[in-house]
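One structure below.
Source: prediction; values computed, not measured.
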Amino acid sequence: MKVIFINRKKVGIIVVIIGLMISLMGISKQFDNKLKTTILVENNIKLLNDYRTSDGKISYRLPMGWTTSEKNFPGDEIKYHNDFQSSDAVIHGFVEVWKGKEDLKLFFDKSKDISQEQNQIKNYKIENLIINGKKTYLVKYLINTTGNNWYKSYEYFVDGGQEFYRFSFFVRDVNFKDTYAAIFQSIVETLKIQ
C-alpha cells in the first residue's frame, strides 16, 4: 500500500487560482458586451431598427438612420437581399439569405476567383467564429474597384444548414476606424432565425 502525501497549502493555492480564473472569464464576457455597447454609443449608434425577411423567419437590426433598399434577383439562389448605407455614407453593404446548396468554403473560393478577375484583392483572410451558436466565417480583405479606391471589406457568413446568411460591410480604407469591426459584429449578432 502506497502512502500519498498532499501538501494542503499547494492544493489550496491551486483551488483559489482556478476559482479566480473562472470568475475572470465570467466578468470578461460581461465586460465584452458592455464594451460593444459603448462602442456603438461612441459612434452615434443609439437605437437599432428591426428588419425581417418577407417570410418573417429571419430578423436582424441595423442602426437607426441608415438607409436601406431591398432588391430581388432572378433565380432562387438569393432568397433575400437588402442594401444599406450609414447616415454619413461611410459604411455600406448588404444582408442576404442564400439557399445553401454547397459548402461555404467552396463558395468562398469561387467568389474570390470571380472578384479577382474583376478587381484587385489583397490581404484576404478567413476566420472561424461562433455567433449565436452558429458556425460563422468572417472573410476580411482589401478590394480596389477603380483607380486607387481601396475598400476594407468585412463579410460574415452564418451557416444555417439549408441556407446561409451573409452580412457584408464595406468602408473606404482611408475612412476605416478600428471600432467598426466591433460595430459590424454587433450587427451580425442581432440575427435571429425563427
Hey, could you give me the [atom1]/[atom2] distance between [X] and [Y], rounded to the nearest 0.5 Å?
| X | Y | atom1 | atom2 | answer |
| --- | --- | --- | --- | --- |
| Lys122 | Asn144 | NZ | CG | 8.0 Å |
| Tyr156 | Arg166 | OH | CZ | 14.0 Å |
| Glu70 | Phe84 | CD | CZ | 13.0 Å |
| Glu189 | Phe167 | CD | CZ | 10.5 Å |

Partners meeting ring-ring contact (aromatic ring centres under 6.0 Å, His included) with [X] (sequence neighbours left out):
| X | answer |
| --- | --- |
| Tyr51 | Tyr60 |
| Tyr141 | Tyr124 |
| Phe184 | Tyr154, Phe169 |
| Tyr137 | Phe108 |

Exercise for the section: Using a 4.5 Å cut-off on heavy atoms from C-beta on, say whether the side chain of Ile91 contacts that of Trp66. Expected result: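 Of all side-chain heavy-atom pairs linking Ile91 with Trp66, at least one is under 4.5 Å.
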
Exercise for the section: Give me the other members of the hydrophobic cluster that Leu20 sits in, counting Ile, Leu, Val, Met, Phe, Trp and Tyr linked by side-chain heavy atoms under 4.5 Å, directly or via other members. Expected result: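 Noted: Leu20 shares its cluster with Val16.
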
Practice task
Only counting residues at least two apart or in another chain, list the ones meeting side-chain contact (heavy atoms from CB on, under 4.5 Å) with Ile130.
Solution key: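 Listed in chain order: nothing, the list is empty.
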
Problem - Residues, nucleotides or ligands: over 12 heavy atoms within 6.0 Å of Asn72 CG - result: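 At most 12 heavy atoms, drawn from other residues, nucleotides or ligands, come within 6.0 Å of this atom.
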
